[in-house]
Amino acid sequence: QVQLVESGGGSVQAGGSLRLSCAASGYPYSLYCMGWFRETPGKAREGVAAISPLGTQYYSDDVKGRFTTSRDNAKNQLYLQMNGLKPEDTGIYYCARRRNTGPCATLVSMDDIGYWGRGTQVTVSS
């Protein structure tokens with residue numbers, strides 16, 4: 001069955017960096033658009049980054065220039081490098097697989113997600 005397992009969350013001070021990983025299994029990983037979402041206090045879950053099977057990336061305005069997503073299709077791994085972290089980046093980060101195969105056209109809509117990971121906590125202190 002499809003499994004998505006995030007790791008790499010933790011606590012950092014503002015301005016610091018974290019690298020999240022997501023291990024995917026149970027499906028042909030290289031065929032799917034993948035996304036990163038987050039739930040921050042007081043806000044609904046939102047997409048922050050997406051990456052197409054061949055590597056085209058998309059970012060929300062909140063994280064553009066600070067976060068970078070990448071993927072290793074040989075290892076079935078998804079990554080989110082987060083630099084210049086701010087207290088408002090605090091929340092639970094989820095990786096997700098788009099429902100159908102093919103490239104992302106933009107950030108993936110939550111309605112278009114087929115599978116979610118369980119999430120990893122990121123805490124940024126001021």
Side-chain angles (χ1 to χ4, degrees):
Q1 71 277 22
V2 174
Q3 284 194 314
L4 300 171
V5 181
E6 302 93 339
S7 60
S11 297
V12 295
Q13 291 193 324
S17 298
L18 283 174
R19 188 192 195 208
L20 306 184
S21 298
C22 173
S25 61
Y27 71 98
Y29 174 76
S30 65
L31 299 182
Y32 286 83
C33 164
M34 299 293 295
W36 287 100
F37 291 75
R38 68 183 182 188
E39 282 180 3
T40 56
K43 293 180 71 175
R45 192 176 297 191
E46 61 179 353
V48 296
I51 184 166
S52 286
L54 295 182
T56 303
Q57 302 149 43
Y58 303 88
Y59 299 96
S60 70
D61 289 342
D62 285 348
V63 308
K64 197 174 296 182
R66 299 188 297 124
F67 291 10
T68 303
T69 189
S70 61
R71 63 191 295 162
D72 185 334
N73 287 341
K75 296 182 179 179
N76 290 4
Q77 291 279 343
L78 179 69
Y79 305 102
L80 185 66
Q81 178 67 42
M82 304 185 295
N83 299 328
L85 283 161
K86 305 175 181 180
E88 52 264 43
D89 294 318
T90 294
I92 303 172
Y93 284 71
Y94 301 88
C95 75
R97 196 204 84 178
R98 188 165 169 261
R99 193 182 312 278
N100 299 317
T101 59
C104 317
T106 183
L107 289 176
V108 188
S109 163
M110 286 184 57
D111 291 341
D112 202 22
I113 293 298
Y115 294 90
W116 295 93
R118 290 190 173 185
T120 186
Q121 176 71 43
V122 171
T123 303
V124 185
S125 58
S126 57

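All values below come from the heavy atoms of this structure, side chains included, with hydrogens, waters and symmetry mates left out.
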Do C33 and V108 come within less than 4.5 Å of each other through their side chains, counting heavy atoms only? yes
When you measure from the side chain of E6 to the backbone N and O of G119, does any donor-acceptor pair fall under 3.5 Å? yes
Mind checking side chain to side chain donor-acceptor pair (under 3.5 Å) for S70 and listing every partner two or more places apart, or none if nothing turns up? none
Just to verify, what does D112 make a side chain to side chain donor-acceptor pair (under 3.5 Å) with, not counting sequence neighbours? R98
Are any non-hydrogen side-chain atoms of L107 and S60 less than 4.5 angstrom apart? yes
Could I get the full list of side chain to side chain contact (heavy atoms under 4.5 Å, CB included) partners for V12, not counting sequence neighbours? L18, L85, V124
May I ask you to decide whether K64 forms a salt bridge with D61, counting only side-chain N to carboxylate O separations under 4.0 Å? yes
Show your reasoning for whether side chain to side chain contact (heavy atoms under 4.5 Å, CB included) applies to W36 and C22. CA-CA 10 Å; W36 287 100; C22 173; 3.8 Å; yes
Looking at side-chain heavy atoms only, is the closest gap between M82 and V63 below 4.5 Å? no
Quick one: side chains of residues 46-55, donor-acceptor pairs under 3.5 Å with protein atoms, not counting sequence neighbours, listed by atom name and distance.
{"from": "E46", "atom 1": "OE2", "to": "R38", "atom 2": "NE", "distance (Å)": "3.0"}
{"from": "E46", "atom 1": "OE2", "to": "R38", "atom 2": "NH2", "distance (Å)": "3.4"}
{"from": "S52", "atom 1": "OG", "to": "C104", "atom 2": "N", "distance (Å)": "2.8"}
{"from": "S52", "atom 1": "OG", "to": "C104", "atom 2": "O", "distance (Å)": "3.4"}

Test of understanding: with salt bridge (charged side-chain N to carboxylate O under 4.0 Å, His left out), list the residues that count as partners of R118, not counting sequence neighbours. none
Kindly indicate, with the supporting measurements, whether the criterion side chain to side chain contact (heavy atoms under 4.5 Å, CB included) is fulfilled by L78 and S21. CA-CA 6 Å; L78 179 69; S21 298; over 6 Å; no
Looking only at atom types and distance, does a side-chain atom of Y59 sit under 3.5 Å from a main-chain N or O of R66, one as donor and one as acceptor? no
Identify whether NZ of Lys or CZ of Arg in R97 sits under 6.0 Å from the centre of the six-membered ring of W116 and within 45° of that ring's axis. no
Y79 ring centre to R71 NZ or CZ under 6.0 Å, with the angle to the axis within 45°? no
Less than 4.5 Å apart, any side-chain heavy atom of L20 and any of T120? yes
List for me each residue that meets side chain to side chain donor-acceptor pair (under 3.5 Å) alongside T123, sequence neighbours excluded, and say none if there are none. Q121
Test log, rule side chain to side chain contact (heavy atoms under 4.5 Å, CB included), inputs Y94 and R45: CA-CA 9 Å; Y94 301 88; R45 192 176 297 191; 3.4 Å; yes
Could you walk me through whether D89 and F67 pass the side chain to side chain contact (heavy atoms under 4.5 Å, CB included) check? CA-CA 11 Å; D89 294 318; F67 291 10; 4.0 Å; yes
